Participant: 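Structure below; questions to follow.
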Amino acid sequence: MGWVTKEQIERARQVSVLDYVLRYESGNIKRVGNEYRLRDHESLAIGEKGFYWHSREIGGKTALDYLVNVRGYGLADAVCLLIHEHPHDIEHSSKPETPYNHSVSTLERLLLVLPRRNTNNNRVIAYLQSRGIDKGVILDCIERGDLYESANFHDCVFKGKDEIGKTRCAAIRSTTAAFKRDADGSDKKYSFILPPEVPDSNIVAVFESGIDCLSHQTLCKQGYIPQFGGWRLSLGGTSVLGLEYFLELHPQIIHCLACTDNDEAGNHAADRIMELPGITTERIPPVNGCDWNDTLMAAQKAERTQNKARHSNEPYI
């Protein structure tokens, strides 16, 4: 990330935590009396004087304290995000175009702030296995550098890389709650991608999340659905921006499977995918439930039930 000066740190400390969450996390807070609570951490209270996280007994007064101690950012990353300056070009810093709205400056969009990496990935592996995902599939993803565990909260961090392998986007998924968000500065046109099992494949399957990509790969590996040798791409939601950019970089792709969720938003995303020019498309919704992880969990549960019934009917010798 680089270094920051004491003067930059002092300017970052002038930003109140309340101003920060009202501007950048308005969809993740709710008013409770005279203070605010985070939806993903309800025991964390925020007010005019600062914040206090009751369940972890952590408190602070500034947005800098909040980013470092709650969101897990490194000091330099947090400082640069708050004062809108890049450490490699401090003299030519960029200020927000419209202060105190929900947009971010051009610099913030370019400055990807990744959560600190944990010393191991044990909790992420255990969490994804609890979602039915094959351990080998998880380890392959980690070894490629596309997935890791964050240090402070042990979240899953799914990385989207550019054409030279630089991380440009990161989707963060809690291993203990329903919380999920993109890392600040993420560029949505760079998707989390699982490479094809068949070299030079001309097919891509498109999902809404990294977990859905891994779930589909597990369903194929464990024989629940037919094998698929093509690319798997996560939109990181329902925007097709990532798919459009992927197709620009991979002109050999001629067929796309729209595997988005089986709900209103997922169906709308599938409709937009089906309208993309230059490729043939096919709608492949999840077989069971809303998404592909639901399908995986249902398939594994049905297999366990069948195995249990089979064993119970075996004659005792």
Side-chain angles (χ1 to χ4, degrees), residues 1-117 150-153 155 157 167-172 174 179-188:
M1 173 63 212
W3 55 273
V4 291
T5 66
K6 290 183 179 180
E7 184 271 337
Q8 286 178 297
I9 294 173
E10 287 306 311
R11 280 193 283 130
R13 290 193 184 281
Q14 302 306 308
V15 182
S16 78
V17 61
L18 184 58
D19 285 344
Y20 177 85
V21 296
L22 288 174
R23 180 182 180 188
Y24 293 109
E25 299 189 21
S26 60
N28 188 42
I29 58 176
K30 57 184 179 180
R31 189 69 179 261
V32 180
N34 294 324
E35 61 188 17
Y36 291 88
R37 297 289 179 119
L38 296 184
R39 295 184 185 278
D40 57 322
H41 299 302
E42 293 191 353
S43 67
L44 196 153
I46 300 172
E48 294 285 350
K49 296 182 179 180
F51 71 91
Y52 189 76
W53 199 349
H54 293 273
S55 65
R56 301 196 181 188
E57 299 182 346
I58 296 173
K61 295 182 178 180
T62 69
L64 185 60
D65 296 330
Y66 172 80
L67 288 175
V68 172
N69 295 308
V70 176
R71 291 307 182 197
Y73 295 170
L75 177 63
D77 294 332
V79 168
C80 290
L81 178 63
L82 291 170
I83 64 176
H84 316 295
E85 292 183 2
H86 196 292
H88 301 298
D89 190 17
I90 295 171
E91 291 80 9
H92 299 87
S93 61
S94 173
K95 297 297 181 182
E97 299 169 0
T98 307
Y100 298 102
N101 61 18
H102 299 301
S103 63
V104 295
S105 69
T106 301
L107 177 63
E108 288 176 50
R109 289 195 293 270
L110 296 174
L111 182 62
L112 176 62
V113 184
L114 290 172
R116 289 201 305 271
R117 187 184 298 270
S150 68
N152 277 31
F153 303 111
D155 296 327
V157 182
T167 302
R168 301 291 297 275
C169 182
I172 302 168
S174 173
F179 172 74
K180 54 186 175 182
R181 68 188 290 263
D182 290 340
D184 291 313
S186 288
D187 188 337
K188 296 288 284 186

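Note that this is a predicted model, so its numbers are computed, not measured.
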Participant: Drop me the distance from His41's NE2 to Ser55's OG, to the nearest 0.5 angstrom.
Facilitator: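 The distance works out to 8.5 Å.
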Participant: Once salt bridge (charged side-chain N to carboxylate O under 4.0 Å, His left out) is applied, do any residues pair with Glu10, and if so which ones, sequence neighbours excluded?
Facilitator: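 By the salt bridge (charged side-chain N to carboxylate O under 4.0 Å, His left out) rule, Glu10 matches no residue at all.
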Participant: Please confirm whether the backbone N or O of Gly33 pairs with a side-chain atom of Arg31, one donor and one acceptor, at under 3.5 Å?
Facilitator: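 Side chain of Arg31 to backbone of Gly33, a donor-acceptor pair under 3.5 Å: yes, one is there.
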Participant: In chain order, what residues pass the side chain to side chain donor-acceptor pair (under 3.5 Å) check against Arg116, with sequence neighbours excluded?
Facilitator: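 Per chain and number, Arg116 pairs via side chain to side chain donor-acceptor pair (under 3.5 Å) with Asn152.
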Participant: Show the nearest heavy-atom pair for residues Arg37 and Ala45, with the distance to one decimal.
Facilitator: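 So the two residues come closest at NE-CB, 3.5 Å.
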Participant: Please enumerate all residues that pass side chain to side chain donor-acceptor pair (under 3.5 Å) together with Arg71, with sequence neighbours excluded.
Facilitator: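 Residues passing side chain to side chain donor-acceptor pair (under 3.5 Å) with Arg71: Glu25, Asp40, Tyr66.
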Participant: Would you find a donor on one side and an acceptor on the other, under 3.5 Å apart, between the side chain of Ser186 and the backbone of Ala170?
Facilitator: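 Yes, Ser186 side chain to Ala170 backbone: donor-acceptor pair under 3.5 Å.
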Participant: Give the minimum heavy-atom separation between Pro115 and Ile172, together with the two atoms involved.
Facilitator: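 That closest heavy-atom pairing would be CG-CD1, 3.6 Å.
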Participant: Checking side-chain contact (heavy atoms from CB on, under 4.5 Å) between Leu67 and each of Leu81, Leu75, Val17, Val79, which is the one that passes?
Facilitator: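 Considering Leu81, Leu75, Val17, Val79, a side-chain contact (heavy atoms from CB on, under 4.5 Å) with Leu67 is found only for Leu81.
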Participant: Going from CG on Leu38 to CG on Leu44, what distance comes out if it is rounded to the nearest 0.5 angstrom?
Facilitator: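 One finds 4.5 Å between CG of Leu38 and CG of Leu44.
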Participant: Sorted by first residue and then second, give each salt bridge (Lys or Arg N to Asp or Glu O under 4.0 Å) pair with at least one member in residues 42-63; sequence neighbours left out.
Facilitator: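 Qualifying pairs: Lys30-Glu42.
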Participant: What is the distance from atom CZ of Arg181 to atom CG of Asp155, rounded to the nearest 0.5 Å?
Facilitator: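 Answer for the CZ-CG pair, Arg181 versus Asp155, is 10.0 Å.
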Participant: Does Asp65 have any side chain to side chain donor-acceptor pair (under 3.5 Å) partners at least two apart in sequence or in another chain, and if so, which?
Facilitator: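 For Asp65, the residues satisfying side chain to side chain donor-acceptor pair (under 3.5 Å) (neighbours in sequence not counted) are Thr62.
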Participant: Pick out which of Ile46, Leu82, Leu64 makes a side-chain contact (heavy atoms from CB on, under 4.5 Å) with Tyr20.
Facilitator: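 Of all the options given, the one that passes is Leu82.
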Participant: So how far is it from Arg168 CZ to Asp187 CG, rounded to the nearest 0.5 Å?
Facilitator: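 Going from the CZ atom of Arg168 to the CG atom of Asp187 covers 5.5 Å.
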Participant: Answer whether the closest heavy-atom distance between the side chains of Leu18 and Tyr36 falls below 4.5 Å.
Facilitator: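 Answer yes - side chains close enough.
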Participant: Could you tell me which residues satisfy side chain to side chain donor-acceptor pair (under 3.5 Å) with Lys188, sequence neighbours excluded, listed by chain and number?
Facilitator: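 In terms of side chain to side chain donor-acceptor pair (under 3.5 Å), with neighbours along the sequence ignored, Lys188 is linked to Asp182.
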